[in-house]
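Predicted model only: the values in this text are computed from it and were never measured. Quick note on labels: first sequence line is chain A, next is B, and so on, each numbered from 1. Basis for what follows: all heavy atoms, side chains included, without hydrogens, waters or symmetry-related copies.
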Amino acid sequence: MQFLSRSLLWLVLLFLLGPFVVIVAAGFSAGDTLTFPPQGWSLRWYIKIFTIPEFQHSFVLSVWVGVGATLLALVLGVPVAYAIARYRLPFGETIRTLVSAPLIVPGIIIGLALLRYVVFTLNAPVEITLLLGHTTLLIPYAVRVVSASLDNLRSDIEEAAVLLGRSRLGAFFAVVMPNIRGAILAAFVLSFITSFNQVPVSLFLSGPGVSMLPTQMLWYMEYTYDPSIAALSALLALGAMLMVFLTERLLGLSRYM
Amino acid sequence: MNELLVLDHLTLAYGRGAPAVEGMSLSVKEGELVSFLGPSGCGKSTTMRAIAGLLTPRSGRILLAGEDVTAVPPNKRGVGLVFQSYALFPHLTVFENVAFGLRARKESAAVIRSRVEEMVAAVGLAGFEHRLSTDLSGGQQQRVALARAMAVRPRLLLLDEPLSNLDARLRIEMRAELMRLQREYGITMIYVTHDQGEALALSSRIAVMNRGRIEQLGTPQALYAAPATPFVATFMGFENVFTVDGNQLAAGDGSKLPLVQQPGAGVQALAWRPQAVTLGSGPYSGTVRGASYQGDSVEYLIDSAGGTIKASAAAGSNFIPAGSEVSFDLPLAGAALIPAGAGA
Ligand SMILES: Nc1ncnc2c1ncn2[C@@H]1O[C@H](COP(=O)(O)OP(=O)(O)O)[C@@H](O)[C@H]1O
Ligand SMILES: [Mg+2]
């Protein structure tokens, strides 16, 4: 029985990690096409990806949009989470559901809607539209993670702080913020990675010279089937793992998910 | 002495609901400790929240030292509150919890240090300054809450069932501690409790509350000796309460006993403590349903024509086993005479 469950565990792990191993290995290939097992070993593709200007530009855009949208989602999401957790709102349940809607609505639809109305009708620059679209997608993460943390925090400490002389807002920053800081950091990491990996919304929102890294990678692959795409994917995965690992070590990310 | 707090016909409600407290008036003098005593849900916490400024009255006024503070926000009132749940700041140490109000008032570092040390010592927690408040026992957390509220020297300190989460022994110890602190600092306090013994032990005066109103206000001695309403009588331990109905005594459930001796005009009800019921002789009789040994006394439940009578006898006297018939008396001399017209 134990043997069986252990074998099963390894099978699942192989299933999950196998493709990753294939990609990492393929990136180290000395050959010119994406193959597995790799034809000889070299670092040339890992070096080459840093010299492709499209990758550089879209990487920078992805980071900016990721950070910007994450910050915006937190600025909008934390007050929403607070209001949901602390006040008996009219239509509170409806608000809760609406806030989660971007998790359910397919990204393709959000992307198309943004393209049709924000880009074509309002003539907004693609970068701004990307920022808006990603913010929309990330708000549910910010609200959920921060709500969970607020639900576990007594609300009477705010009243205690007010009675000791703080204003309502002052009390929030003095006794609520320090207690949800971990959750906010966790929401930040989670949101940033989500934005960075986002494909469907980004797919619709690109213009001449403006595209997010995953979109750029898709396009690149259509024309050039070389191992650089494997090298880049491996690096991105490594970066995400590093972020998660660090947050987990620093504050136990898993507590908030 | 000056009146520190005046509640003037306060009516308090949550949202558009029925009032939780209605037309409440009360004045508290400088240095007094007034208790609000009443069953759960009678509006004690609601009144405290209004005095602290956390709840805006539907109508009525609150005066502090003669000044109308009804519209003054809670952080400007100088009223402290010790929560039943303590409400300590979980991310802060004992020192920082106690220093919180002083920091909000932008006191100098030297003042903060000396005041915090003084308060922490006053509640017996010297040496615990750098512990996180969440690492303390319930009793210690209670002391931190007290030190935190007192550190800013509030004009008025409200305590909402501060000892109800502690075990019985600790409760008595903290009760004495509280009385010492109150004397030492001369702080005016309002103390909420549903524990009659606690109110009797601590208070200058007790306001017995029932359904959002004060039923009776007076010194512990006055309430204990002469409850003004059947409700107060029950709360003060007069567990056998009868309404005088012509020449009969009517219990709450409608059962009746004949009235042997008329109490005189203007008496609405009579009430006896279990100790005031004499067993073994008398005009009434009943069956002992239960007898429980309490150490220095035995408590009896007696089924009679007038409902269940609670009696208590010294442990040395004859033990009456459950199931026996017993005669008893409700002597007028041992009764509280509750006047007509007062209260509900
Ligand atoms: N936040 C609230 N919202 C609505 N009703 C409340 C709230 N808090 C208390 N009440 C109601 O007000 C009444 C008095 O409550 P409370 O003052 O807490 O009683 P006590 O402290 O004497 O036990 C109760 O009927 C209670 O149900
Ligand atoms: Mg209460």
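Residue contact with chain A, scored on non-hydrogen atoms closer than 4.5 Å, is absent for B:L92. Proximity to chain B involves both the backbone and the side chain of A:A161, based on heavy atoms less than 4.5 angstrom apart. With a 4.5 Å cut-off on non-hydrogen atoms, A:R154 touches chain B through its side chain but not through its backbone.
With B:L63 as the fixed residue, the side-chain contact (heavy atoms from CB on, under 4.5 Å) test singles out one of B:L5, B:V69, B:V6: B:V6.
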Exercise for review: Go through B:Y191 and B:F36 one step at a time and tell me if the ring pair (Phe, Tyr, Trp, His ring centres under 6.0 Å) criterion holds.
Suggested key: CA-CA 6 Å; B:Y191 188 96; B:F36 288 171; over 10 Å; no

Given the rule in the side-chain hydrogen bond (donor to acceptor under 3.5 Å, both in side chains) test, do B:T188 and B:E32 qualify, once you have shown the distances and angles that lead to the verdict? CA-CA 5 Å; B:T188 313; B:E32 265 194 313; over 6 Å; no

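Side-chain contact between B:M24 and B:I214 is present, with heavy atoms from C-beta onward closer than 4.5 Å. Here the side chains of A:L246 and A:E248 are not in contact, with every heavy-atom distance at 4.5 Å or above. By the 4.5 Å heavy-atom criterion applied to side chains, A:M212 and A:S58 are not counted as neighbours.
Using non-hydrogen atoms only and a strict 4.5 Å limit, the part of residues 105-136 of chain B facing chain A consists of B:R105.
Chain A forms the most heavy-atom pairs under 4.5 Å with one residue out of B:A149, B:A87, B:G101, and that residue is B:A87. Contact tally against chain A (heavy-atom pairs below 4.5 Å) for B:R103, B:K76, B:R148: the top residue is B:R148.
Partners of A:R86 according to the salt bridge (Lys or Arg N to Asp or Glu O under 4.0 Å) rule, which considers only residues two or more places apart in sequence or in another chain, are A:E158.
Environment of CZ in A:F245: sparse, with no more than 12 heavy atoms of neighbouring residues, nucleotides or ligands closer than 6.0 Å.
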